[in-house]
Amino acid sequence: MARRLRFNGTDSKNGGCPAIHEDLDTGEIVVQGPPLTKASDIGQLQHLGAKDVAVVVPRELLVNHGPKEIVRVPKLIDLEEFSRLFETFEHTAWRLETRRGYESDREDPTYADFMQTGSITLDYNDEWSANIRTQTAAGKTIGRVRIVDQPPTTGQLFLLTDAPRNAAAGEDMRYLWRSIAETQHLPAEDFWIFDSRLVARLNFDEDDVLLDVEVITEPAEVLRYCQVRDAATHHAIPYDQFAAQLPSIN
């Protein structure tokens, strides 16, 4: 079985090596870089096994993108503290949505309406919209990218139908086909980034129920999520342009 490798980062300015990846199952670190080939250099190495390969990487690569803890202990926050982040962030809040559906959406009364009619009545004055308007009126920026399957799931179509409410409140709503997201190696993770310094990763079970929210502040990890944000935003398109590609919801 192939490893599940996650790209952690590179200091390369041209997209080449060196880089660091992490095995999501074992926690092992994979370092790529130019091989050490001169016999006089290899001869100075100790404990180099017959199947081992030595690579040369800049010190800054390990400092910037290598793990800082042997065993990572997640820092979890409750939903009340998570909600306060949307009121206390200073500059930017951004989300990546990757799931094919959410249990919280299926429990919403408007979901049943959507299943029956294919449309919903948008509430532009709900609590979420009111807070987003308050934050954007203060000059803050809020956005998200939703990844969508081909064809979209019912849950994804429901959220696309609801997207005008988010946009009217001031969110930059963008959409991205999953096939494109995969070519860009975007992770299958749901998370929020606040002020490019704090990541709130949303952990779900197999039934799309939110289990907990993990806060990440380690700079190298936050940088990785910011790079994901930049790539996702670059390749995504505004929700209304995306919706125009889907005759079923026009």
Side-chain angles (χ1 to χ4, degrees), residues 2-34 55-77 81-82 85-86 89-99 140-148 171-172 174-204 210-236:
R3 291 176 180 259
R4 292 195 307 130
L5 297 180
R6 181 185 69 189
F7 173 71
N8 279 7
T10 178
D11 289 315
S12 172
K13 305 303 187 294
N14 57 16
C17 60
I20 286 182
H21 293 73
E22 180 176 351
D23 189 310
L24 296 179
D25 298 312
T26 68
E28 293 175 307
I29 302 300
V30 178
V31 181
Q32 70 182 55
V55 300
V56 181
V57 298
R59 180 183 294 268
E60 65 176 349
L61 177 72
L62 302 181
V63 172
N64 292 338
H65 304 289
K68 305 301 185 291
E69 302 170 321
I70 295 178
V71 178
R72 180 176 176 181
V73 179
K75 177 184 178 182
L76 303 180
I77 59 175
E81 185 174 355
F82 175 55
L85 291 174
F86 295 95
F89 75 96
E90 297 181 1
H91 309 293
T92 61
W94 184 88
R95 180 176 180 177
L96 180 68
E97 294 183 17
T98 67
R99 301 189 67 82
K140 302 177 186 180
T141 300
I142 302 175
R144 72 178 80 199
V145 169
R146 286 173 172 159
I147 294 178
V148 178
E171 288 191 59
D172 177 21
R174 294 175 180 265
Y175 276 73
L176 180 64
W177 291 114
R178 190 175 301 278
S179 57
I180 299 176
E182 290 175 347
T183 63
Q184 298 303 310
H185 306 291
L186 300 186
E189 300 178 52
D190 274 44
F191 59 88
W192 280 94
I193 305 175
F194 297 94
D195 296 327
S196 298
R197 66 171 184 82
L198 183 151
V199 173
R201 184 164 65 187
L202 312 181
N203 298 318
F204 296 85
L210 179 62
L211 297 177
D212 53 53
V213 179
E214 178 183 351
V215 169
I216 301 170
T217 57
E218 199 283 310
E221 277 288 280
V222 173
L223 173 61
R224 181 177 69 82
Y225 283 101
C226 288
Q227 292 171 336
V228 170
R229 174 195 61 197
D230 292 347
T233 302
H234 175 75
H235 291 280

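All values below come from the heavy atoms of this structure, side chains included, with hydrogens, waters and symmetry mates left out.
Counting heavy atoms from C-beta outward, H91 and S196 have side chains that stay 4.5 Å or more apart. Put simply, the side chain of E28 reaches to within 4.5 Å of the side chain of R3, judged on heavy atoms. The shortest side-chain heavy-atom distance between V199 and R224 does not fall under the 4.5 Å cut-off.
For the pair E218 (side chain) and A220 (backbone), a donor-acceptor distance under 3.5 Å is present. Side-chain atoms of T10 come within 3.5 Å of backbone atoms of P18 as a donor-acceptor pair (strictly under, hydrogens ignored). The backbone N or O of L211 lies less than 3.5 Å from no partner atom in the side chain of N203, so there is not a single donor-acceptor pair. Although no hydrogens or angles enter the test, the distance criterion places a donor-acceptor pair under 3.5 Å between the side chain of D190 and the main chain of T98.
Between F89 and F194, the ring planes lie tilted relative to each other; the angle falls in the 30° to 60° range. Relative orientation of the W94 and F191 rings is tilted, given thresholds of 30° and 60° on the angle between their planes.
Taking every heavy atom of both residues into account, T217 and V215 meet most closely at CG2-CG1, 4.0 Å. Nearest heavy-atom pair across G33 and V57 is CA-CG1, 4.3 Å.
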Do T233 and V145 pass the side chain to side chain contact (heavy atoms under 4.5 Å, CB included) test, and can you show the C-alpha distance, the side-chain angles, and the key distance before you say yes or no? CA-CA 7 Å; T233 302; V145 169; 4.3 Å; yes
Please test I20 against L62 for side chain to side chain contact (heavy atoms under 4.5 Å, CB included), starting from the C-alpha separation and ending with a verdict. CA-CA 8 Å; I20 286 182; L62 302 181; 3.8 Å; yes
Step by step, would you call E221 with R6 a salt bridge (Lys or Arg N to Asp or Glu O under 4.0 Å)? CA-CA 12 Å; E221 277 288 280; R6 181 185 69 189; 3.5 Å; yes
Please lay out, stage by stage, how H234 and Q184 fare under the test side chain to side chain contact (heavy atoms under 4.5 Å, CB included). CA-CA 11 Å; H234 175 75; Q184 298 303 310; over 6 Å; no
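A181 is linked by a side chain to side chain contact (heavy atoms under 4.5 Å, CB included) to I147, L176, L186, counting only residues two or more places apart in sequence or in another chain. Under the ring pair (Phe, Tyr, Trp, His ring centres under 6.0 Å) criterion, F204 pairs with Y102, sequence neighbours left out. Scored by the side chain to side chain contact (heavy atoms under 4.5 Å, CB included) test, D230 finds no partners at all (sequence neighbours excluded). Partners of R99 according to the salt bridge (Lys or Arg N to Asp or Glu O under 4.0 Å) rule, which considers only residues two or more places apart in sequence or in another chain, are D208. Scanning for salt bridge (Lys or Arg N to Asp or Glu O under 4.0 Å) contacts around E214 gives R72, R201, with sequence neighbours left out. Residues satisfying the salt bridge (Lys or Arg N to Asp or Glu O under 4.0 Å) criterion with R174, sequence neighbours excluded, are D172.
For the atom pair CD (E189) and CG (L96), the distance works out to 8.5 Å, reported to the nearest 0.5 Å. T141 OG1 to E171 CD: the interatomic distance, rounded to the nearest 0.5 Å, is 11.5 Å. For the atom pair OG1 (T92) and CD1 (I142), the distance works out to 9.5 Å, reported to the nearest 0.5 Å. Put simply, OG1 on T26 and CG on L5 are 8.5 Å apart, with the number rounded to the nearest 0.5 Å. Atom CH2 of residue W192 and atom CZ of residue R95 lie 6.5 Å apart, to the nearest 0.5 angstrom. Atom CG of residue D195 and atom CD of residue E90 lie 5.5 Å apart, to the nearest 0.5 angstrom.
Salt bridge absent: E81 and K75 never bring a charged side-chain N and a carboxylate O closer than 4.0 Å.
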